[in-house]
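Worksheet: one structure, shown below.
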2 protein chains.
Amino acid sequence: MPVTIRDLAKKLNLSITTVSRALDGYKDVSESTRQRVVNAAYEMGYQPSYAARQLRRKRADAIGYILPTSSPRFSDPLFSSFVSGLCDEASDHQIDLVVSSCPPETQDEQAMYHRWLDSRRVDGMVLNRTRVYDWRVEFLTRNKIPFTLLGKPDMIYDAPGIVVNERGGFESLVRHLAAQGHRRIAYIGASPYLTIQLERYAGYRQGLEAAGLPFIPELVVVGDLTEEGGRQAGLKLLEMENGPTAVLGINDVTALGVCRAVQDAGRMVGRDVAVAGYDGIKESEFANPPLTTLFQPTYEIARRLTAMLLGVINGETLPETRITLQPELMIRASTQNRAF
Amino acid sequence: MPVTIRDLAKKLNLSITTVSRALDGYKDVSESTRQRVVNAAYEMGYQPSYAARQLRRKRADAIGYILPTSSPRFSDPLFSSFVSGLCDEASDHQIDLVVSSCPPETQDEQAMYHRWLDSRRVDGMVLNRTRVYDWRVEFLTRNKIPFTLLGKPDMIYDAPGIVVNERGGFESLVRHLAAQGHRRIAYIGASPYLTIQLERYAGYRQGLEAAGLPFIPELVVVGDLTEEGGRQAGLKLLEMENGPTAVLGINDVTALGVCRAVQDAGRMVGRDVAVAGYDGIKESEFANPPLTTLFQPTYEIARRLTAMLLGVINGETLPETRITLQPELMIRASTQNRAF
DNA sequence: AGACGCATCCAAAACGTTTTGGCCTTCCAG
DNA sequence: CTGGAAGGCCAAAACGTTTTGGATGCGTCT
């Protein structure tokens with residue numbers, strides 16, 4: 001049976017009011033009794049009941065994040081960095097992070113958001129993998145729930161968050177490949193309802209245009225952001241009679257799948273086919289050969305998103321409500337040493 | 001202002017008691033009114049306040065996990081799988097996962113466990129990266145808090161959990177290397193207070209013995225489970241005048257650091273120096289060359305640990321309270337193609 | 001007719017805090 | 001001596017549920 005504020009009050013011959021206020025450091029309790037209270041609380045190992053406090057204060061001291069588990073099980077290592085970032089920043093502020101997983105755009109997802117927010121389980125949310133039309137953004141703004149998000153949906157609502165210049169990133173990537181002499185550059189994307197697809201594909205097209213390369217529709221195929229999806233798409237591209245000499249994955253995981261497909265086909269990444277991705281996950285660095293990619297500081301982004309969120313929750317006015325970052329092009333062996 | 005049970009009762013001309021019991025499916029409310037209540041609840045978007053419910057029920061419907069952030073920021077990708085597993089399994093049971101991060105064996109860690117458990121923020125915890133003498137195990141059993149853990153500390157307490165035969169794994173790994181002709185096999189470990197160090201190091205020693213190889217103290221160095229630590233330790237080993245021909249990392253991340261050190265030294269992994277790790281993280285598969293490792297199904301382990309934990313919380317008697325798994329030796333290029 | 005069982009419903013207590021609106025003293029200025 | 005301010009404390013309400021222990025009415029059995 002845990003010790004309550006009432007036990008403490010009885011022990012000290014004080015009212016629970018005074019104990020509560022003493023612990024919260026109010027001015028209307030004398031310094032000497034405050035000391036007594038604090039000491040006793042420490043000795044008896046008193047911790048205020050989280051539930052009771054939340055009920056009164058109407059604050060959960062927690063933020064939420066729901067990670068999109070697309071496939072049956074395993075998810076992008078990208079989310080590992082993201083969750084770490086959320087977690088570390090929240091911990092620094094004595095705030096808890098509660099996470100759950102759910103396939104996006106499903107009934108379950110809606111139910112889960114409703115459950116969390118209608119029951120005031122968290123004070124705010126961080127969103128990720130934004131959709132072009134994102135019902136979550138509408139839902140949260142309509143219900144006046146604080147949130148921040150990575151990416152910008154194509155909606156009237158203006159939400160605080162961080163946006164990365166993915167379009168520009170992909171454009172520069174295509175130019176890099178064009179400079180290497182590639183003229184048939186493929187792109188493996190994802191569902192068009194995701195902003196990352198919108199932006200990165202647009203960047204791909206812009207890059208082609210800027211480099212004066214023709215757009216070849218057959219070289220655009222849609223994946224599912226997973227490694228296996230990338231492999232499948234890669235195989236399809238490699239089987240074409242007039243296939244690509246370079247393949248861009250919408251993310252690193254897809255690109256790694258392509259690498260595997262290339263190997264399966266008995267060819268060599270870098271020498272026979274150039275491959276590049278986006279994200280800058282650790283795996284890309286250790287890949288064989290190392291993967292050219294656009295690095296985006298996921299961990300720091302997550303930290304900043306939670307810092308911003310906590311600001312919003314506390315009613316502060318943020319210095320900047322929308323931050324733009326540039327991804328960094330990391331050229332590695334997978335797009336060099338071309339042998340043809 | 002969210003809708004409460006009282007609003008619902010008023011609207012329906014019922015007492016809050018009846019509404020509550022109707023929603024919980026008690027037998028003492030007629031089917032017709034139950035329907036009325038359920039419909040109204042749905043229409044008005046009623047969700048019971050999480051805090052109020054938790055306060056009454058004395059149940060948080062949440063489990064906790066604190067991830068050990070050793071270095072300033074980034075952590076082992078291993079934990080990504082682990083958290084995914086916890087999360088998915090918890091979600092399946094409509095239970096939330098609350099996570100935080102904290103450097104192990106610090107004041108902060110103790111404070112954090114106390115804060116969570118004395119304030120009944122979670123119903124139980126999953127532990128990881130067990131210590132040989134693990135105060136958390138003592139703390140949790142003493143306070144009768146449900147928990148499960150991966151690994152077995154060397155303590156009197158008997159806690160439900162999963163244990164992997166790391167010792168046997170490392171022994172077989174050493175034998176594999178010995179069979180390849182290696183006679184000077186190094187081992188890069190970690191703090192001796194971790195059970196993984198205890199077990200894996202013991203396995204290393206057993207392997208040497210079994211293979212009839214001499215134990216050479218200089219070939220054992222202590223790392224910190226990070227890639228950079230592995231690289232440092234690797235460099236140290238490579239500088240030795242009579243250095244090892246094979247290096248074992250206590251985990252994959254360490255081994256990857258060694259790979260980097262080997263490259264830095266202008267030598268080739270596999271050909272000049274064999275390298276192997278433990279965990280079977282994704283990176284090891286994509287490494288250059290692919291890394292020999294002992295695979296352990298972290299994701300599934302995490303799922304089973306939470307399933308077990310939920311069983312304990314619900315007062316069930318577990319079919320088996322301690323599960324033992326065998327790691328799988330995955331031999332890849334990093335320990336083959338020896339050229340000397 | 002009385003006792004009893006059954007089906008529905010409910011008032012009030014409880015959970016452990018925080019906050020509101022005071023109540024006593026004491027002290028000082030007028 | 002009095003009025004008022006200030007310092008230190010507290011009783012009670014409130015937060016939104018769940019649970020306890022009936023209450024009511026109706027039919028059935030003795």
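So that the names make sense, note that chain A is the first sequence line, chain B the second, and so on, each numbered from 1. Remember, predicted model here, so these are calculated numbers, not experimental data.
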**Item:** Contact residues, residues 17-26 of chain A to DNA chain D [heavy atom, < 4.0 Å]
**Value:** A:T17, A:T18
**Fill in**
Counted 5' to 3', the first and last nucleotides of DNA chain D within 4.0 Å (strictly under) of a heavy-atom of chain B are D:dG16 to D:dT20
**Request:** Just call it for A:L14: base, sugar-phosphate, or nothing, with non-hydrogen atoms closer than 4.0 Å on any strand.
**Result:** sugar-phosphate
**Asked** Considering residues at least two apart in sequence or located in another chain, which fulfil the side-chain contact (heavy atoms from CB on, under 4.5 Å) criterion with B:L140?
**Response** B:L117, B:L127, B:I145, B:F147
**Prompt:** Among residues 2-13 of chain B, which residues get a heavy atom nearer than 4.0 Å to DNA chain D?
**Reply:** B:T4, B:I5, B:R6
**Asked** Got a sec, which residues hit salt bridge (charged side-chain N to carboxylate O under 4.0 Å, His left out) with A:R304, two or more places apart in sequence or on another chain?
**Response** none
**Request:** Sequence neighbours left out, what passes side-chain hydrogen bond (donor to acceptor under 3.5 Å, both in side chains) with B:Y133? Give chain and number order.
**Result:** B:E138
**Complete:** Hits for side-chain contact (heavy atoms from CB on, under 4.5 Å) against B:P48, two or more places apart or cross-chain, chain-then-number order -> B:Y46, B:R53
**Message:** Quick check: on DNA chain D, is the nucleotide nearest A:R56 upstream (toward 5') of the one nearest B:D28, or the reverse? Name the residue that is more 5'.
**Reply:** A:R56
**Prompt:** How would you list all residue pairs meeting ring pair (Phe, Tyr, Trp, His ring centres under 6.0 Å) that involve residues 85-116 of chain A, not counting sequence neighbours?
**Reply:** A:Y113-A:W135, A:H114-A:F139
**Prompt:** For B:E105, which residues count as a salt bridge (charged side-chain N to carboxylate O under 4.0 Å, His left out) partner, sequence neighbours excluded?
**Reply:** B:R131
**Fill in**
Across all chains, not counting sequence neighbours, the salt bridge (charged side-chain N to carboxylate O under 4.0 Å, His left out) partners of B:R121 are A:D96
**Prompt:** Excluding sequence neighbours, so at least two apart, what forms salt bridge (charged side-chain N to carboxylate O under 4.0 Å, His left out) with A:D108?
**Reply:** none
**Asked** B:K27 near the nucleic acid: base, sugar-phosphate alone, or nothing, with a heavy-atom cut-off under 4.0 Å?
**Response** nothing
**Request:** Taking atom types as modelled, find out whether B:Y193 and B:D134 have a side-chain donor-acceptor pair closer than 3.5 angstrom.
**Result:** no
**Request:** Name all residues meeting the side-chain contact (heavy atoms from CB on, under 4.5 Å) criterion together with B:R120; count only those two or more places apart in sequence or in a different chain, and write none if there are none.
**Result:** A:P2, A:S49
**Prompt:** Taking for each residue the nucleotide of DNA chain C bearing the nearest heavy atom, is the 5' side occupied by B:L55 or by B:E31?
**Reply:** B:E31
